[in-house]
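Everything numeric here is computed off the predicted structure, so don't read it as measured data. Side-chain atoms are counted along with the backbone in the values below, which use heavy atoms only and exclude waters and symmetry mates.
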Amino acid sequence: TEGFIPVYPDGFEGHWNDCRKAGPYAANTLDVDDVGFLRALVARFAAEHGADRTRVFATGISNGGQMALRLALEAPELVRAVAPVVASLPAERNMDCKPAGRPVSVLIMSGTADPMNPFGGGDVALYGLVGNRGAVLSSEDSIDYWRDLAGISAGPERLALPDLDPGDASTVEVRRWNAPGRKSVVLYAIQNGGHNAPHPKLTLPRLLGPTNHDISAAEEIWRFFREAP
């Protein structure tokens with residue numbers, strides 16, 4: 001209905017080779033060329049379906065969000081905008097990418113009560129114990145990286161979204177940085193949100209923390225992509 005082609009690629013053995021050195025999965029240990037894979041996918045859809053190469057977007061949750069960040073870091077010419085969900089930039093000691101240092105429109109959506117990818121930064125491990133993926137920056141420091149690349153110095157516009165489901169014990173704060181001729185940078189801070197994507201009806205397992213029901217992550221992300229400069 002919105003006129004775009006949704007593509008759901010699979011990572012190698014269920015994982016993407018993102019920018020974290022500490023990833024113990026095969027995609028990382030074998031150094032699978034996922035950036036090259038996604039470049040090839042874009043080329044295929046452009047050639048076979050007329051996809052607009054200037055309007056390519058990437059989003060994902062957790063490891064998928066980390067892969068979206070890798071595209072923004074290493075292939076900024078490939079993507080107009082990315083929207084990682086519950087994913088943050090690796091800390092310097094855990095960084096396994098060569099950033100191009102070019103701005104991209106970025107939306108980061110993170111839960112402040114995420115038990116896996118800590119909103120305030122630190123080791124990515126379930127409740128600090130299981131499946132350590134190494135250290136990441138805080139969600140705020142991650143967004144500041146992209147804001148600095150975009151050259152936006154002014155403070156953000158802050159918006160508290162309506163609390164449509166008081167029973168979920170969670171609310172949404174949106175911070176937007178915009179400036180004429182610059183990329184868009186947005187942080188969705190899901191207050192008391194867990195390691196999941198907000199959804200009006202779907203509730204994720206409690207092990208991953210609370211699920212916010214006030215917004216649809218997919219709708220918010222598509223609106224951001226649609227309007228990305």
Side-chain angles (χ1 to χ4, degrees), residues 4-45 51 56-75 78-79 81-91 93-99 106-111 113-119 121-137 139 142 190 193-199 202-212 216-218 221-222 225:
F4 65 84
I5 302 172
V7 182
Y8 298 89
D10 290 328
F12 182 70
E13 294 187 356
H15 288 95
W16 295 101
N17 183 15
D18 60 46
C19 288
R20 298 172 296 183
K21 288 180 182 178
Y25 33 86
N28 183 45
T29 58
L30 298 176
D31 197 22
V32 172
D33 184 11
D34 279 328
V35 173
F37 169 48
L38 295 174
R39 284 187 192 278
L41 270 185
V42 170
R44 173 176 173 176
F45 278 86
V56 175
F57 310 105
T59 185
I61 297 175
S62 196
N63 178 225
Q66 297 287 353
M67 189 62 216
L69 282 170
R70 180 163 200 166
L71 290 178
L73 287 168
E74 291 194 333
L78 184 68
V79 287
V82 300
V85 180
V86 294
S88 305
L89 287 173
R93 64 183 180 278
N94 195 32
M95 174 65 77
D96 200 23
C97 280
K98 296 179 180 178
V106 174
L107 179 155
I108 291 178
M109 186 176 290
S110 296
D114 188 331
M116 183 77 178
N117 188 83
F119 187 87
D123 284 350
V124 176
L126 188 60
Y127 293 100
L129 301 171
V130 181
N132 198 311
R133 305 306 197 240
V136 295
L137 302 180
S139 298
S142 296
I190 314 301
H195 192 69
N196 49 50
H199 192 283
L202 184 66
T203 298
L204 278 294
R206 276 194 279 177
L207 180 67
L208 299 176
T211 302
N212 176 272
S216 162
I221 288 168
W222 169 241
F225 285 167

Visitor: Give the C-alpha distance, both sets of side-chain angles, the deciding distance and a yes or no for side-chain contact (heavy atoms from CB on, under 4.5 Å) between Y127 and L207.
Guide: CA-CA 9 Å; Y127 293 100; L207 180 67; 3.8 Å; yes
Visitor: How close do D10 and F37 get, heavy atom to heavy atom, and via which atoms?
Guide: O-CE2, 3.8 Å
Visitor: Using 0.5 Å steps for rounding, measure from the CG atom of N28 to the CG atom of N63.
Guide: 9.5 Å
Visitor: So, the side chain of T211 versus the backbone of T203: is there a donor-acceptor pair under 3.5 Å, distance only?
Guide: no
Visitor: Which heavy atom of L41 sits nearest to which heavy atom of P9, and what is that distance?
Guide: CD1-CB, 3.6 Å
Visitor: Closest heavy-atom contact between A58 and F225?
Guide: O-CZ, 3.5 Å
Visitor: For V79 and L38: C-alpha separation, side-chain torsions, deciding distance, then whether side-chain contact (heavy atoms from CB on, under 4.5 Å) applies.
Guide: CA-CA 10 Å; V79 287; L38 295 174; over 6 Å; no
Visitor: Write down the atom of P84, the atom of A87, and the distance for their closest heavy-atom approach.
Guide: CB-CB, 4.1 Å
Visitor: Looking at CD1 of I61 and CG of L204, how far apart are the two atoms once the value is rounded to the nearest 0.5 Å?
Guide: 7.5 Å
Visitor: By salt bridge (Lys or Arg N to Asp or Glu O under 4.0 Å), which residues pair with R20, not counting sequence neighbours?
Guide: D18
Visitor: Has N94 got a side-chain atom pairing as donor or acceptor with A22's backbone, closer than 3.5 angstrom?
Guide: yes
Visitor: If you round to the nearest 0.5 Å, how far is CE of M116 from CG of N132?
Guide: 8.0 Å
Visitor: Heavy atoms only: give me the nearest P115-G209 pair and the separation to one decimal.
Guide: CG-N, 4.2 Å
Visitor: Please report the interatomic distance CG(N212) to CE(M109), rounded to the nearest 0.5 Å.
Guide: 9.0 Å
Visitor: Verify side-chain contact (heavy atoms from CB on, under 4.5 Å) between I190 and D114, making sure each step is shown before the conclusion.
Guide: CA-CA 9 Å; I190 314 301; D114 188 331; over 6 Å; no
Visitor: Donor-acceptor check, side chain of N17 to backbone of V32, threshold 3.5 angstrom: yes or no?
Guide: yes
Visitor: If I take atom CZ from residue F12 and atom CG from residue D31, how far apart are they, to the nearest 0.5 angstrom?
Guide: 12.0 Å
Visitor: Starting from the C-alpha separation in whole Å, work towards a yes-or-no answer on side-chain contact (heavy atoms from CB on, under 4.5 Å) for F4 and F57.
Guide: CA-CA 10 Å; F4 65 84; F57 310 105; over 6 Å; no
Visitor: If you look at every heavy atom in R39 and E74, which pair is closest and at what distance?
Guide: NH2-O, 4.1 Å
Visitor: Measure the spacing between CD of Q66 and CG of L69 and express it to the nearest 0.5 Å.
Guide: 5.5 Å
Visitor: Who pairs with H15 by ring-ring contact (aromatic ring centres under 6.0 Å, His included), at least two apart in sequence or on another chain?
Guide: Y25
Visitor: Do K21 and P90 make a side-chain contact, defined as non-hydrogen atoms from C-beta onward lying under 4.5 Å apart?
Guide: no
